[in-house]
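Note on naming: letters A, B, ... go to the chains in the order of the sequence lines (proteins, then strands), and numbering restarts at 1 for each one. Predicted model only: the values in this text are computed from it and were never measured.
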There are 2 protein chains.
Amino acid sequence: MSALSDSASPLYEKVKDFVLANIGSGKWVQNARLPSENDLVNSLGVSRMTVHRALRELTSEGHLRRVQGVGTFVAPPKAQSTLIEVSNIINEIRDRGGKHRAGVILLERIEHPAPAIVRAFEFDRVKPVDHSLVVHFENDIPVQLEERYVNPALVPHYLDQDFTSIATLEYLQRCTPLTEVEHLISALPAGPEQARLLQMPERDSCLVLHRKTWTGATVATVNTFTHVGSRYSLGSRYRPTHKPA
Amino acid sequence: MSALSDSASPLYEKVKDFVLANIGSGKWVQNARLPSENDLVNSLGVSRMTVHRALRELTSEGHLRRVQGVGTFVAPPKAQSTLIEVSNIINEIRDRGGKHRAGVILLERIEHPAPAIVRAFEFDRVKPVDHSLVVHFENDIPVQLEERYVNPALVPHYLDQDFTSIATLEYLQRCTPLTEVEHLISALPAGPEQARLLQMPERDSCLVLHRKTWTGATVATVNTFTHVGSRYSLGSRYRPTHKPA
DNA sequence: AAGTGGTCTAGACCACAAT
DNA sequence: TTGTGGTCTAGACCACTTA
């Protein structure tokens, strides 16, 4: 009695499917104990290494919990969260097959930044920051307004790069290891400046993504990406595990 | 000549560390070809299964790329993306110390869903779906309109749960293993129904999160979460991976 | 002491790609 | 044909928990 499907997948995949099917059908409920490896070896007719690999992978995928000397158990449901991937706008446009163009509005070093900027960088006193404002076009239609404040102590020569061809995030990551990222997504009506630069009606919805990055305990960049609500959405597909076929 | 560290970790971990050290030091650069499994077996003095497990895990972690019949190569740096975590609204509100309340607007089984719904579920023919519409309040102010379409074949008795106390996602995950999630975030002006249910001015900005989930190849749920732009934003802080000492 | 999972080996067969 | 990675086995030893 094999109880394993007869498709042309590896044996350990069939064992994984067998276990997932028993969880999915409710036969093995949350926190229930699974048969031991040796039980599965006997009932499924495969070697222990194969059973072990299947159970090990299911454990690393979050479906099982294993305790040496005790047993294997059905794990509680996945952490109560799912993930969204944020890629850079240039790759996104190119992946869609669109034509990308960037227009530099402003490049400057601000010697005496406004209090809000100083606060965002968590500076203990006023320090200069570099500032860039770039519009990204997809097929000559503006889709994103990219505003960045960069800590020159971590990213030297930020203003000297070629903003029209290289993804800024790539440049930053070459300069300093970004160890932490904070995102905030909101929906806001367009103000006059957004409306002008993004060629959209004032008061129309913008999708705004704030991103703040750190290198260690130091704030590296403070960014605001403003998108035309009617022309842009942020998407992702995420596979917690991944099953071939 | 083992070249492996002598700490008390498993052999396959030492092999992984050995490989990562060679990549980290620049000895094996991007796209360079690694020694074959048999080479490593000979030079490191471990069995092929152990080498194979180390290389397999490094591949699944994104450090290597393997091609059957060809060889093993150093993978290009991690994909140019950062992640946003999406948690459920009830936990979010409670984490902020707010008072959560949910109001059920509609619970129904739709025997003949609209074409758009049938298409979203990727059904081959018209099948019934369960439908719920719930408003979530934070301190008695509406913040989210939660609309869900659920596949009854995967989630039996969906309409019978207590929508006011349990996070719906938790309930779903207890019923069926969600293997894939797709998100789409957009900013849109509020229509009449949104304005009424969320007590917001019409045409004001909404932050809309679409979420579609799968169990294997089957669509499990199709959801739309609509938030008042001026009262809600989606946030997260992310720390890229780090190695345990 | 008995049962659990964790690791490791030696050897085998296979599918695949390059030669 | 040769070499690569992919899988699988049988058996072994170990560390750990429970009784």
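- Atom CG in A/Leu58 sits about 15 Å away from atom C1' in C/dG5, given to the nearest Å.
- Ring-plane geometry between A/Tyr232 and A/His227 is classed as parallel, the angle between the planes falling under 30 degrees on a 0 to 90 degree scale with a further cut at 60.
- Not counting sequence neighbours, A/Phe137 has no partner by the ring-ring contact (aromatic ring centres under 6.0 Å, His included) test.
- Atoms CD (B/Glu57) and P (D/dG5) sit 17 Å apart, rounded to a whole Å.
- Contact check, B/Arg56 against D/dG5: no side-chain N or O comes under 4.0 Å of OP1 or OP2.
- Across the protein-nucleic acid pair, A/His52 atom NE2 and C/dG3 atom C1' stand 16 Å apart, rounded to whole Å.
- Put simply, B/Ser47 has no side-chain N or O that comes within less than 4.0 Å of OP1 or OP2 on C/dC8.
- With distances taken from any side-chain atom of A/Arg66 to the nucleotides C/dG5, D/dT9, C/dT4, the minimum falls on C/dG5.
- Out of C/dT9, C/dT4, D/dT4, the shortest distance to the side chain of B/Arg33 is found at D/dT4.
- Annotation: of the two residues near DNA chain C, B/Val46 and A/Glu37, the 5′-most nearest-nucleotide partner is A/Glu37.
- The distance from atom CZ of B/Phe73 to atom P of D/dT4 is 11 Å, rounded to the nearest whole Å.
- For A/Thr72, a side-chain nitrogen or oxygen approaches OP1 or OP2 of C/dG5 to under 4.0 Å.
- OP1 and OP2 of C/dC8 both lie 4.0 Å or more from every side-chain N or O belonging to B/Tyr12.
- Going from atom CG of A/Asn38 over to atom P of C/dT7 covers 16 Å, rounded to whole Å.
- Counting non-hydrogen atoms under 4.0 angstrom, A/Arg65 reaches nothing in the nucleic acid.
- Applying the side chain to side chain donor-acceptor pair (under 3.5 Å) criterion to B/Gln161, with sequence neighbours excluded, gives no partner residue.
- Remark: P of C/dT9 and NZ of B/Lys14 are 11 Å apart, rounded to the nearest angstrom.
- Legend: residues meeting side chain to side chain donor-acceptor pair (under 3.5 Å) with B/Thr224, ordered by chain and number and at least two apart, are B/His210.
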At under 4.0 Å between heavy atoms, which parts of nucleotides 11-19 of chain C does protein reach? Answer with one letter per nucleotide, 5' to 3': B base, S sugar-phosphate only, - none. BB--BBS--

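- Atom P of nucleotide C/dG3 and atom CG of A/Asp39 are separated by 11 Å, given to the nearest angstrom.
- For the atom pair CZ (A/Arg94) and CD1 (A/Ile89), the distance works out to 11.5 Å, reported to the nearest 0.5 Å.
- Taking 4.0 angstrom as the limit, A/Thr50 places none of its side-chain polar atoms (N or O) nearer than this to OP1 or OP2 of D/dT7.
- Sorted by first and then second residue, the salt bridge (Lys or Arg N to Asp or Glu O under 4.0 Å) pairs with a member in residues 147-164 of chain B read B/Glu146-B/Arg148; sequence neighbours excluded.
- Taking atom CG of residue B/Leu64 and atom C1' of nucleotide D/dT4, one finds them 15 Å apart after rounding to whole Å.
- Under the rule for a side-chain contact (heavy atoms from CB on, under 4.5 Å), the partners of B/Glu37 that lie at least two apart in sequence or sit in another chain are B/Arg48, B/Val51, B/His52, B/Leu55, B/Arg66.
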